[in-house]
Amino acid sequence: MNGYHLVADCRLRAATDLFAHTWDPVVPAALRAGPRRRHALRAGIGGVSDKALTEALRRLLDRGLIDRRRYAQAPPRVEYGLTDLGRSLVDGPMTVLARWIQDHGDDRLAAEERA
């Protein structure tokens, strides 16, 4: 496969792991327009539980895709936003994937129904 060796710890697997959890690609997409507070992020996504959002935020923070900014004010304010790495994911592969699903989504669903 063009010089790639697919093994369990390869970079391709690391990249696809970014999509292994349901909400992990949704959160960066929701942050594309700019930083958001947690409650606004949850409301904007819709359907995500508080626990699932917390877990997704932790994973994305650990992977360097989002950052957490705390503002010292009363009451304290925290915002989440994309890092440069996160923006490159959203504007690059995720945009291409979104185009692909627009073009081929019906075919994919039809194949799934036939299976």
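Here the structure is a predicted model, which means the values were calculated and not measured.
Remark: Arg108 CZ to Glu113 CD distance equals 10.0 Å, nearest 0.5 Å. Within the model, atoms CG of Leu65 and OG1 of Thr83 stand 5.5 Å from one another, a figure rounded to the nearest 0.5 Å. We find the CZ-CZ distance between Arg32 and Arg87 to be 7.5 Å, quoted to the nearest 0.5 Å. Here the CG-CD1 distance, from Leu85 to Ile66, works out to 11.5 Å after rounding to the nearest 0.5 Å. Thr95 contributes atom OG1, which lies 9.0 Å from atom CG of Leu89 (distance to the nearest 0.5 angstrom). In this structure, CD on Glu55 lies 11.0 Å from OG1 on Thr22, to the nearest 0.5 angstrom.
Counted within 6.0 Å of CG on Asp103, heavy atoms from surrounding residues, nucleotides or ligands total more than 12; the atom is thus considered enclosed. For Arg77, the CZ atom sits in a packed shell: over 12 heavy atoms of surrounding residues, nucleotides or ligands are nearer than 6.0 Å.
The minimum heavy-atom distance linking Gly47 with Trp23 is given by the pair O-CZ2, 3.5 Å. Considering every non-hydrogen atom in both Arg69 and Pro35, the closest pair reads NH1-CG, 4.4 Å. Looking at every heavy atom in both residues, Leu31 comes nearest to Tyr80 through CD2-O, 3.3 Å. Minimum interatomic distance between Met94 and Pro25 (heavy atoms only, all atoms of both residues): CE-O, 3.0 Å. For Ala30 against Arg36, the heavy-atom pair with the smallest separation is O-NH1, 3.3 Å. The nearest pair of heavy atoms linking Pro93 to Ser88 is CD-O, 3.5 Å.
Salt bridge status for Asp24 with Arg63: present, with a side-chain N to carboxylate O gap under 4.0 Å.
Under the 3.5 Å distance criterion, the side-chain polar atoms of Arg42 are matched with a main-chain donor or acceptor of Val48.
Under the 4.5 Å side-chain contact rule for hydrophobic residues, Leu109 and Ile101 do not share a cluster.
Between Arg38 and Asp50, the closest side-chain pair of non-hydrogen atoms falls below 4.5 Å.
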